[in-house]
Amino acid sequence: MNPTACLLIIGNEVLSGRTRDANLQFLAQRLGELGIPLREARVIPDVRETIIATLNEVRANFTYVFTTGGIGPTHDDITSECVAAAFGVPWVVHEPSRAKMAADYARRDPPVEFNAARLRMATLPEGATPIETAMTSAPGFTMGNVHVMAGVPRIMQAMFEAVAPTLARGTPVTSATVHALGVFEGNIAAGLEAVQARFPALDIGSYPFYRSHGPGGFNGGGVALVAKGTDAAAVSEAAAAITAMLEGMGAEPVQGEPPAP
């Protein structure tokens, strides 16, 4: 069986709507490419008890846990110390990370003070392995099966790519999409359920869309039908079955995603 993954998005700013999360889609796609399906994602607040309890729950249930957010220098950046508490280890200054960060701040023009707040970013659970990138001297880290990454998307992506070579991989997830204009979910529900019954190992979904391109362009709705799984041959067969279903009801199926908005 493929390894599995869970994502914890940590931050009051996401729950309040102040910040729009941009990490879930990236991680889901990249993990799928590595054969590590993302089975669950949760958004939780910067609350010590919640982070510790949730982390201990999910790290026991998934091959890998990824967290984003809460490893900066401010008082509400508590992810790192909560990971230490979840694993029952001290939260200590990681000397190589401290030295790297201090040198980075010292050589800036003008030099930046490496103060107590910034030192928090070099303080890790004892025994953690830093995740280092060229984007920043402040590390993420790996502790057991938990990979702790920044919330800033470009830094998170760099940290994930640094971690990716260390992950045990499964069979990559492949997908095929068929869309049709002027077709709606209520018309294809029974037929799609029959296709799903033929391919129980696949995830088969229906996604309505609407496009408005003004005079001379397409205006109206339709549905995109997606088959996804680790068996590429079965995915291809399911896409053919979906195509035949749409043709049988008089629609004009098109292979691939619907036109861009």
Side-chain angles (χ1 to χ4, degrees), residues 2-11 23 27 30-31 34-36 38-105 114-152 155-170:
N2 277 12
T4 58
C6 175
L7 169 63
L8 299 183
I9 301 167
I10 301 172
N23 295 325
L27 280 169
R30 285 292 288 121
L31 287 168
L34 300 179
I36 309 171
L38 184 64
R39 293 302 188 198
E40 188 171 318
R42 302 189 192 183
V43 184
I44 60 175
D46 298 303
V47 175
R48 178 181 172 87
E49 294 77 11
T50 301
I51 296 172
I52 295 170
T54 305
L55 184 61
N56 279 333
E57 175 191 345
V58 297
R59 71 187 179 95
N61 294 329
F62 297 91
T63 312
Y64 298 114
V65 175
F66 298 87
T67 78
T68 61
I71 60 172
T74 59
H75 72 281
D76 56 345
D77 289 314
I78 61 172
T79 298
S80 181
E81 57 195 276
C82 289
V83 174
F87 278 86
V89 300
W91 188 52
V92 296
V93 173
H94 184 262
E95 179 54 31
S97 295
R98 186 209 63 77
K100 181 178 180 179
M101 291 183 66
D104 174 34
Y105 286 116
F114 186 48
N115 57 21
R118 295 186 173 101
L119 182 62
R120 288 174 57 85
M121 296 188 286
T123 307
L124 309 179
E126 189 171 69
T129 301
I131 302 173
E132 298 180 334
T133 76
M135 289 280 185
T136 175
S137 59
F141 63 88
T142 294
M143 188 75 185
N145 64 335
V146 179
H147 302 285
V148 177
M149 303 181 295
V152 178
I155 300 176
M156 182 281 298
Q157 292 173 20
M159 287 183 174
F160 177 81
E161 298 303 342
V163 167
T166 72
L167 303 176
R169 304 186 182 195

Using modelled atom types and a 3.5 Å cut-off, is there a donor and acceptor pairing between side-chain atoms of [X] and backbone atoms of [Y]?
{"X": "Thr79", "Y": "Gly69", "result": "yes"}
{"X": "Thr133", "Y": "Ala162", "result": "no"}
{"X": "Asn23", "Y": "Gly151", "result": "yes"}
{"X": "Trp91", "Y": "Ala85", "result": "no"}

Rounded to the nearest 0.5 Å, how far does [atom2] of [Y] lie from [atom1] of [X]?
{"X": "Thr67", "Y": "Arg59", "atom1": "OG1", "atom2": "CZ", "result": "13.0 Å"}
{"X": "Leu7", "Y": "Leu27", "atom1": "CG", "atom2": "CG", "result": "5.5 Å"}
{"X": "Arg39", "Y": "Asn61", "atom1": "CZ", "atom2": "CG", "result": "14.0 Å"}
{"X": "Leu124", "Y": "Ile71", "atom1": "CG", "atom2": "CD1", "result": "9.0 Å"}

*Which heavy atom in Met149 sits nearest to a heavy atom in Met159, and how many Å separate them?*
CA-SD, 3.8 Å
*Looking at Val148, Ile9, Leu31, which one forms a side chain to side chain contact (heavy atoms under 4.5 Å, CB included) with Phe66?*
Leu31
*Mark yes or no: Arg118 above the aromatic ring of Tyr105, with NZ or CZ under 6.0 Å from the six-membered ring centre and no more than 45 degrees from the axis.*
yes
*Do Arg30 and Glu161 pass the side chain to side chain contact (heavy atoms under 4.5 Å, CB included) test, and can you show the C-alpha distance, the side-chain angles, and the key distance before you say yes or no?*
CA-CA 9 Å; Arg30 285 292 288 121; Glu161 298 303 342; 2.8 Å; yes
